[in-house]
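Working notes, structure below.
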There are 2 protein chains.
Amino acid sequence: MAEQVVPDIVIGRLPRYLQALERMRLEGLQTTSSLELGQRLGISAAQIRKDLSHFGEFGKQGTGYSVEFLIEQLRAILHLNRLWDLALVGVGDLGSALARYQGFTNRGFRIVLAFDNDPKKIGKRIGSLVVEDSATMPERIRQTGVKIAMLTVPASVAQQVTDCLVEAGIRAILNYAPIHLVVPPGIIVETIDPILKLQHMTYYLD
Amino acid sequence: MAEQVVPDIVIGRLPRYLQALERMRLEGLQTTSSLELGQRLGISAAQIRKDLSHFGEFGKQGTGYSVEFLIEQLRAILHLNRLWDLALVGVGDLGSALARYQGFTNRGFRIVLAFDNDPKKIGKRIGSLVVEDSATMPERIRQTGVKIAMLTVPASVAQQVTDCLVEAGIRAILNYAPIHLVVPPGIIVETIDPILKLQHMTYYLD
DNA sequence: TTATGTGAAAGTGTTCACAGCC
DNA sequence: GGCTGTGAACACTTTCACATAA
């Protein structure tokens, strides 16, 4: 049970499994079951077993899963056995908060480049990062080979900055601008817009 | 075609329709079609028509939809014909960035309360907000009747703060802590964890 | 006995395609 | 002619339930 195309919706759950497992490891658990993992995440045991079965047989009947082993397998599947470099594009309030966030490193990521087009911000230091001029962005991204960008620029320029990032070799964009980005096939975009989530919730409130 | 239970996945798309329509209005468009709206969002025309049909017949055959009218209908459906008050819990880097974000107001929300337990932050002003002591949180939330909270506290305390919020009458939580929150039935939680999205994307990169 | 991995069944969601109306 | 609203067809996802193995 290995080389089918695994549904994207399954891939989307794997990082959550990984997160729960890492928490279990921290708590000293050595073994777990689909039932226990599911209860922690609000997901059915059957779904967890089915999801994992796309990639191999990681459990032992009667026993469950080794926490450590399953973490390693998930990290391999998600290509997290390396540290991924990120470019931060736009260093406003949100970009600055992301630049200071300590939670990236032990989950597989680090910001290595930061850009802004505001002369007041260029040269500014945030931790070990120095904000660089957006004008040099394509060159610097190509030089460093960074493949993932976090986009925290105003919506009004998000699409044109995106085009520029794609042209420079970026292959995945985490978009914080409240707008749908158009990209060529093969480029991955995920959008985070908290207000869409708030508006989703208000449907259920009165 | 009105009073079925509308699938949650449909509700989740409505805010995106609203966002695209508001952009169209800004551009001066008075009329649109399911095709045009879909192209802007990367969604099929059939799906948009089907989604809207859960709530009524908003279009005219041969003509399409009035942008202004459809905006009004969606705002009514999502209960956005009022301004929703928000409580911000945790005023670290991310919480501060949210407090300063200008994009809430014209999409139906405003932050009216902010809390932290760090004495250095209590009393601090951010725009018109004053950071209050977490100890007074339940009382203040009850007084003001705020129903929605944005949770930007460390993962280690997120669950206990959540319990406290629910006890105080909060009915919806936008959770920024990288952890699965457990809440009683009827309480709505949406989680925003950028690293889950990054880890989802790396599956497709090499 | 316990808990996995998995076909089959059930349940959801999306797209098709066209009657009906502007 | 153009575009909506919608049953029917299709596709996808989840759950069930059990043979199998530790």
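Naming: A, B, ... by sequence-line order, numbering from 1 per chain. None of these values were measured; they are calculated from a predicted model.
Between A/Y65 atom OH and C/dA3 atom C1' the separation is 8 Å, expressed in whole Å. Computed from coordinates, the A/F58 CZ to C/dA3 C1' distance equals 17 Å when rounded to whole Å. One atom, CG of B/L52, and another, P of D/dC3, lie 16 Å apart when rounded to the nearest Å. Here C/dT4 presents its C1' atom at 17 Å from CZ of A/F55, a figure rounded to the nearest Å.
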Counting primed atoms, P, OP1 and OP2 as sugar-phosphate and everything else as base, the B/S/- map of nucleotides 13-22 of chain C against protein heavy atoms under 4.0 Å is SSB-B--BBB
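Side-chain contact between B/I195 and B/P178 is absent, with no heavy-atom pair separated by less than 4.5 Å.
Applying the salt bridge (Lys or Arg N to Asp or Glu O under 4.0 Å) criterion to B/K50, with sequence neighbours excluded, gives no partner residue. With sequence neighbours excluded, no residue satisfies salt bridge (Lys or Arg N to Asp or Glu O under 4.0 Å) with A/E72. Partners of B/E36 by side chain to side chain donor-acceptor pair (under 3.5 Å), not counting sequence neighbours, listed by chain and number: B/T32. Residues forming a ring-ring contact (aromatic ring centres under 6.0 Å, His included) with A/Y203 (at least two apart in sequence, or on another chain): none.
Between the side chain of A/H79 and the backbone N or O of B/D206 there is no donor-acceptor pair closer than 3.5 Å.
Under the 3.5 Å distance criterion, with hydrogens and angles disregarded, no donor-acceptor pair is assigned to the side chains of A/T105 and A/R110.
Contacts between residues 28-40 of chain B and DNA chain D, defined by a heavy-atom separation below 4.0 Å, involve B/S33, B/S34, listed by number.
Using a 4.0 Å cut-off between charged side-chain N and carboxylate O, A/R107 and B/D193 make a salt bridge.
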